[in-house]
Peer 1: 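Here it is, the structure, as structure tokens.
Start at 1 and go down the list; that is how both ligands and their atoms are numbered. Only a predicted model underlies this, so the values are computations on that prediction, with no experimental measurement involved.
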Amino acid sequence: MLTSCTPEDVAAPRHSAHEADELHTGLQAPAAWISPKYLYDALGSKLFEAICELPEYYPTRTEASIFERYGAEIARSAGTGATLIDLGAGNCAKAAALFPLLQPAQYVAIDISTDFVHDALARLRQRFPQIAMEALGMDFSSSFELPPQVNAGRRLFFYPGSSIGNFTPDEAQGFLTRLRAQCGNDGGVLIGIDLAKDAATLDAAYDDALGVTSAFNLNLLRHVNRLIDADFDIKGWQHRGAYNAAMGRIEMHLEARSAQTVHWRGGERRFEAGERIHTENSYKYQQADAIGLLERSGFEATHVWTDPQSWFAVIHAQA
Ligand code: AVI
């Protein structure tokens, strides 16, 4: 449902000086960029939920089919009774589907979209009153300090949906190394990673016929307008999403439909017609490279499960 209006949509702009600096730097760069984290305001999170329902967007349903088919084996490998820490929890649906198998002692849902994750957890508490739960609104991509509300017991990080693909491989290794440091000696990670496949399938997944991914990408400009008082005219931009085979990644860009000058608090920039702002990468891994990435980050990959077409991998890796 895309119709509800949350406080985040109508409240005064909220931003930190760091965010304003980061946005300013990206917008002034010769090849302009905006971090993909700005895709996720309240509406962006709902649009991403809608993307996950699209026939073209295979990752969500392929990953779900792996959990459905191998759930019992996954639970045997990952163990029960851990503190389950869901990174980028969104609507918490993926983790909730695993509760009966993993039986977590505590569930910690972390997401950059604070209101969205708090609302999702409030609903989940009613369904699973026996599980202790915490919602944390934080950006865990650059630093990683878990607050004291997170239990000291064995930690199982849950990082589904191939969100790891939104980092460059170097950033991904840095992130997983920080995660490893939070695992102690007995923790681990259950991670979903999208695998390399034909370009036509990938292109369709990131440029769908209904235009939901286009709306998701363009909504980032709406979010930026709110954060730094920018005057992006949404209708003056178009979505571009396609596989870059040389880089092994999907790239999303926003392309100016005509020459225009955009102003924001503390800066301005002229964009020529056809000029682009790079908004997201989504790396697609070979299975062996995904395992190598985990092992270079200090994990031992204990099990890999894939679908019959080998489009997606779920990996349990131990500290
Ligand atoms: C969240 N992340 C893994 C998604 C992806 O596939 O890279 C974000 C997304 N961007 C466009 N469609 C979905």
Peer 1: Please state whether the rings of Tyr159 and Phe167 are parallel, tilted or perpendicular, taking 30° and 60° as the class boundaries.
Peer 2: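 The rings of Tyr159 and Phe167 sit tilted, inter-plane angle from 30° to 60°.
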Peer 1: Within the 4.0 Å heavy-atom shell around Gly161, which atoms of ligand 1 are there?
Peer 2: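 Under 4.0 Å from Gly161, ligand 1 has these atoms: 3 (C).
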Peer 1: Give the contacting part of Tyr40 toward ligand 1: side chain, backbone, both or neither, where contact means a heavy-atom distance below 4.0 Å.
Peer 2: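 Tyr40 to ligand 1: side-chain contact only, backbone stays beyond 4.0 Å.
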Peer 1: Determine whether any heavy atom of Ser163 lies closer than 4.0 Å to an atom of ligand 1.
Peer 2: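 For ligand 1, residue contact (heavy atoms, under 4.0 Å) with Ser163 is present.
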Peer 1: Any N or O of Tyr206 that comes nearer than 3.5 Å to an N or O of ligand 1?
Peer 2: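 In this structure, Tyr206 places an N or O atom under 3.5 Å from an N or O of ligand 1.
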Peer 1: Which residue and non-hydrogen atom of the protein lie closest to atom 2 (N) of ligand 1, and at what distance in Å?
Peer 2: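 Scanning the protein heavy atoms, the shortest distance from atom 2 (N) of ligand 1 goes to Asn166 OD1, 2.9 Å.
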Peer 1: Are the aromatic rings of Tyr57 and Tyr206 close, with centres under 6.0 Å apart?
Peer 2: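 Centroid distance Tyr57-Tyr206: below 6.0 Å, so yes.
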Peer 1: Cut-off 3.5 Å, side chains only: do Tyr38 and Glu22 have a donor facing an acceptor?
Peer 2: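 Checked: Tyr38/Glu22 side chains pair up, N/O donor to acceptor below 3.5 Å.
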Peer 1: What protein heavy atom is closest to atom 4 (C) of ligand 1, reported as residue, atom name and distance in Å?
Peer 2: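 Going by distance alone, atom 4 (C) of ligand 1 is nearest to Tyr57 OH, 3.4 Å.
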Peer 1: Using a strict 4.0 Å cut-off to heavy atoms of Ser282, name the atoms of ligand 1 that fall inside it.
Peer 2: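 What qualifies from ligand 1 is 5 (C), 6 (O), 7 (O).
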Peer 1: Do Ile291 and Leu293 come close enough that some side-chain heavy atom pair is under 4.5 Å?
Peer 2: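 No, too far: nothing below the 4.5 Å cut-off.
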Peer 1: Test Lys94 against Glu63 for salt bridge (charged side-chain N to carboxylate O under 4.0 Å, His left out), laying out the working first.
Peer 2: CA-CA 10 Å; Lys94 289 182 185 178; Glu63 184 181 50; 3.1 Å; yes
Peer 1: Which ligand 1 atoms are under 4.0 Å away from a heavy-atom of Met252?
Peer 2: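 Once the distances to Met252 are compared, the set is 11 (C).
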Peer 1: Which heavy atom of Ser141 sits nearest to which heavy atom of Phe175, and what is that distance?
Peer 2: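 Closest heavy-atom pair between Ser141 and Phe175: O-CD1, 4.2 Å.
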Peer 1: Between Asp194 and Tyr58, do the side chains contain an N or O donor and an N or O acceptor separated by less than 3.5 Å?
Peer 2: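 Yes, Tyr58 and Asp194 have a side-chain donor paired with an acceptor closer than 3.5 Å.
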Peer 1: Suppose we measure from atom 8 (C) of ligand 1 to each protein heavy atom; which comes out shortest, and what is that distance?
Peer 2: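 I find the closest protein heavy atom is Glu280 OE2, 3.4 Å.
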Peer 1: Determine whether any heavy atom of Ser162 lies closer than 4.0 Å to an atom of ligand 1.
Peer 2: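 So Ser162 counts as touching ligand 1.
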Peer 1: Consider side chain to side chain donor-acceptor pair (under 3.5 Å). Of Gln260, Glu275, Gln28, which one does Arg269 pass it with?
Peer 2: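 Only one option passes, and that is Glu275.
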Peer 1: Out of all atoms in ligand 1, which are within 4.0 Å of some heavy atom of Phe216? Include the element for each.
Peer 2: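 This gives 9 (C), 10 (N), 11 (C) as the contact atoms.
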Peer 1: Select one of side chain, backbone, both or neither to describe which atoms of Asn217 lie under 4.0 Å from any atom of ligand 1, heavy atoms only.
Peer 2: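 It is neither; nothing of Asn217 touches ligand 1.
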